[in-house]
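Working notes for the structure below.
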Protein chains: 2
Amino acid sequence: MRPTVNDIAREAGVSLATVDRVLNARPGVREKTILAVNDAISKLGYVRDVAAANLARSRNYRMAVVLPDTESQFVQTLAEALKDAAATAAQTRMSVTLLRFPAEDMHALAAMLRNLEGQDVAGVALMAPETPVVRDAVRSLRMRDIPVVALVSDLPNTERDHYVGIDARASGRTAGMLMGRFLGARPARVMVIANSMLLRESIERRLGFDEVMLRAFPQVEVMQTLETHGSATTLRHVVAEMLANTGQVGGIYLLGTGHRALASTLSELGLLGHVVTIGHELTPHTRAALQSGQIDAVIAQNVGHLARSALRVLRAKADRTPIDESQETLRIEIIIRENLPPSHG
Amino acid sequence: MRPTVNDIAREAGVSLATVDRVLNARPGVREKTILAVNDAISKLGYVRDVAAANLARSRNYRMAVVLPDTESQFVQTLAEALKDAAATAAQTRMSVTLLRFPAEDMHALAAMLRNLEGQDVAGVALMAPETPVVRDAVRSLRMRDIPVVALVSDLPNTERDHYVGIDARASGRTAGMLMGRFLGARPARVMVIANSMLLRESIERRLGFDEVMLRAFPQVEVMQTLETHGSATTLRHVVAEMLANTGQVGGIYLLGTGHRALASTLSELGLLGHVVTIGHELTPHTRAALQSGQIDAVIAQNVGHLARSALRVLRAKADRTPIDESQETLRIEIIIRENLPPSHG
DNA sequence: GAAGATTTGAGGTACGTCCCTCAAAATGCT
DNA sequence: AGCATTTTGAGGGACGTACCTCAAATCTTC
């Protein structure tokens, strides 16, 4: 049988009230008594029954998840995963509010976060680029003891409590290694396409990619990043132009979105399936593209895991409970047609 | 506020006792009343507070995990992961007993499982090859309403409640695709090495591998499987012989264990790093081999996830609670040096 | 050693659910 | 209608913890 607070009281030779005061760090206990209780705790191997504790507290965890308001399939997929995770988390007295901010409007985001401070929010998960305004908002939340978890894109220069997501640089390296090996030994050129090189993630991925290419595949020339600014038309245009003016393009590395536009452009040029294409994130589009052979590999993070992990970490932070690192570390997944996971509705 | 059983009672116009009877499927309630209660439940969106329920039940789940008693690093790693998962699961009143059976002695295993029947075990997770004896033992457990979860290696022709692990055939296909792409366009031969081709897993992996090779890489010749029977000496011998008698060996596919022996053999022959090597499962050995470039890729399943998943599924089965498929589906992971996850102590 | 402050004990209620008992009410059957 | 049977209600104790109050015991300090 697991020891309870009563066992500790008996073992330490104090009353239940004192054990309770020690356990919950309430004042009015002598140092000596605190030590005696802690001794009993470790001697009996007592572990607080969190479920019972939360029941007694009848605590409700209101968590907020803040995502950019883009139509990007990845963000949509993530939002869905978060809803699922929230439904499950409801079983453990957690309620999750999903908020969206206009993607380019950092001040709107800051206002949103400031607003959250007023309400009794137990934690915030945030997917946003690191700008000064965001840094200030995060600091402000932390000052009020509200845990903040960075989602998908890290906020390394803020006081965020935790980052849930994969290392963008390492995922770029992974993409690079696959690209190099898939291209084979012959010299080739690789096109790199991004939405915007102002995004930390794109920069990091590209850095990782280049790192590996330079080191391991010197015969491959990686060209300058083409920016699409999220526009399919621009993507079509720059890709067609680049392909017309450059020979030996053997690979395309898509740092961000635009898989559909890329596939149709390649298809028009009769190149579909003849160029090694590697992208990021598993969405309905990339899934379909993998299945039909339009993409060769996708570097992804498991969004279901991401969502559950974010909520678990927020919860742990709110409870001031330790985090199981091995469970909360997301893996950089390499997905090809052969190991495509089932889609689950 | 979340609705409680009291709210349901009020809403349905019945007493607390009746709501309780319905919720816990106790007898002695008219069909009509059951419907009324269920209506109230769905109307109010009631979700049972599992924590409180378990507290009240003060139920202890004794789970047993049965693994073969091999020194294989994979099994060792899995055992470690299970211990970690068990430690965490202890927080939710679950205790896990880890049992080992002599790898080749199916009758010893059967006796072990029969012995479990006597004790009040709430569930069994089992990693074992599917033999008639095992089939009978599983059936017997199920007859006593003890849930059985197959671990790592499926038991498809038994009445096991669930399988936690990856599809061996699909992981063979994944290995095949990587092998083909890593080899490049030129013709080559691929050696396949297994411990024993009597193991279902080895067969399945090989089938998947061949499938892809035949379809997508006709220029590659996949040779007959060499069996090592777990002996490093045998491995050294057969590999050296095969390499001496066969030209153009560009790749080696290791279906089971033997990474260290293979590396040292290749090293002696001056071939280390010149042959595309693909193996299975992430263990300290394969991790080191990936890091040093001795292996090019490993097809793996996340053992931490595997362990947690097995315990969660057992728990759900014991509680007769639905399973979150998307959380319990293990992914076929492709691991190369660039996306090697951290080792976590 | 007395007054004051600090520390400890005893006891209670609550959280939401399970599970038990016993009596009361409703229903079915002849 | 009367009886047996089934269904329902009312109530209480338990699980392990949190949090509250009030009194008693123990320490300080002069």
Legend entry - Distance-only side-chain donor-acceptor flag, A/Glu281 / A/Gln301, under 3.5 Å: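 Yes - a donor-acceptor pair under 3.5 Å links their side chains.
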
Inset, instruction - State whether a side-chain donor-acceptor pair under 3.5 Å links A/Asn24 with A/Arg48. - result: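 Looking only at side-chain atoms, A/Arg48 and A/Asn24 do form a donor-acceptor pair, the distance falling under 3.5 Å.
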
Legend entry - Short side-chain N/O contact from A/Thr4 to OP1 or OP2 of D/dG16, under 4.0 Å: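 A/Thr4 to D/dG16 OP1/OP2: no side-chain N or O under 4.0 Å.
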
Minimum-distance nucleotide (side-chain atoms of [X] versus [options]):
X: A/Leu55; options: C/dC15, D/dG9, D/dT17; value: C/dC15
X: A/Leu23; options: C/dT7, D/dA18, C/dC18; value: D/dA18
X: A/Ser15; options: C/dA10, D/dA14, D/dT17; value: C/dA10
X: B/Arg26; options: C/dT27, C/dC19, D/dT17; value: C/dC19
X: B/Ala56; options: D/dA14, C/dT8, D/dA18; value: D/dA14
X: B/Arg48; options: C/dT17, D/dG9, D/dT17; value: C/dT17

Whole-Å gap separating [atom2] ([N]) and [atom1] ([X]):
X: B/Asp319; N: C/dC18; atom1: CG; atom2: P; answer: 11 Å
X: A/Ile41; N: D/dT17; atom1: CD1; atom2: C1'; answer: 13 Å
X: B/Lys32; N: D/dT8; atom1: NZ; atom2: C1'; answer: 13 Å
X: A/Asn6; N: C/dG11; atom1: CG; atom2: P; answer: 13 Å
X: A/Asp49; N: C/dG16; atom1: CG; atom2: P; answer: 16 Å
X: A/Ile8; N: D/dG16; atom1: CD1; atom2: P; answer: 12 Å
X: B/Leu16; N: C/dT21; atom1: CG; atom2: P; answer: 17 Å
X: A/Arg10; N: C/dG9; atom1: CZ; atom2: C1'; answer: 16 Å

Legend entry - Residue mapping more 5' on DNA chain D - nearest nucleotide basis, B/Val14 or B/Arg57: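 Result: B/Val14.
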
Inset, instruction - Tell me which of B/Pro27 and A/Arg30 sits closer to the 5' end of DNA chain D, going by the nucleotide each one is nearest to. - result: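 Nearest nucleotide further toward 5': that of B/Pro27.
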
Can you tell whether the side chains of [X] and [Y] come within less than 4.0 Å, N to carboxylate O?
X: B/Arg144; Y: B/Glu117; result: yes
X: A/Asp7; Y: A/Arg2; result: no
X: B/Arg312; Y: B/Asp324; result: no

Inset, instruction - Could you check B/Arg21 against B/Asn54 and say which one's nearest nucleotide on DNA chain C is further toward the 5' end? - result: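 First, find each residue's nearest nucleotide; the 5'-ward one identifies B/Asn54.
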
Classify the nucleic acid contact of [X] as base, sugar-phosphate or nothing, counting any heavy atom under 4.0 Å across all strands shown.
X: A/Ala17; answer: base
X: B/Asn24; answer: sugar-phosphate
X: A/Arg2; answer: nothing

Inset, instruction - Taking the side chain as every heavy atom from C-beta outward, state whether A/Pro341 and A/Asn302 have any pair of such atoms under 4.5 Å apart. - result: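 They are not in contact (no side-chain heavy atoms under 4.5 Å apart), so the answer is no.
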
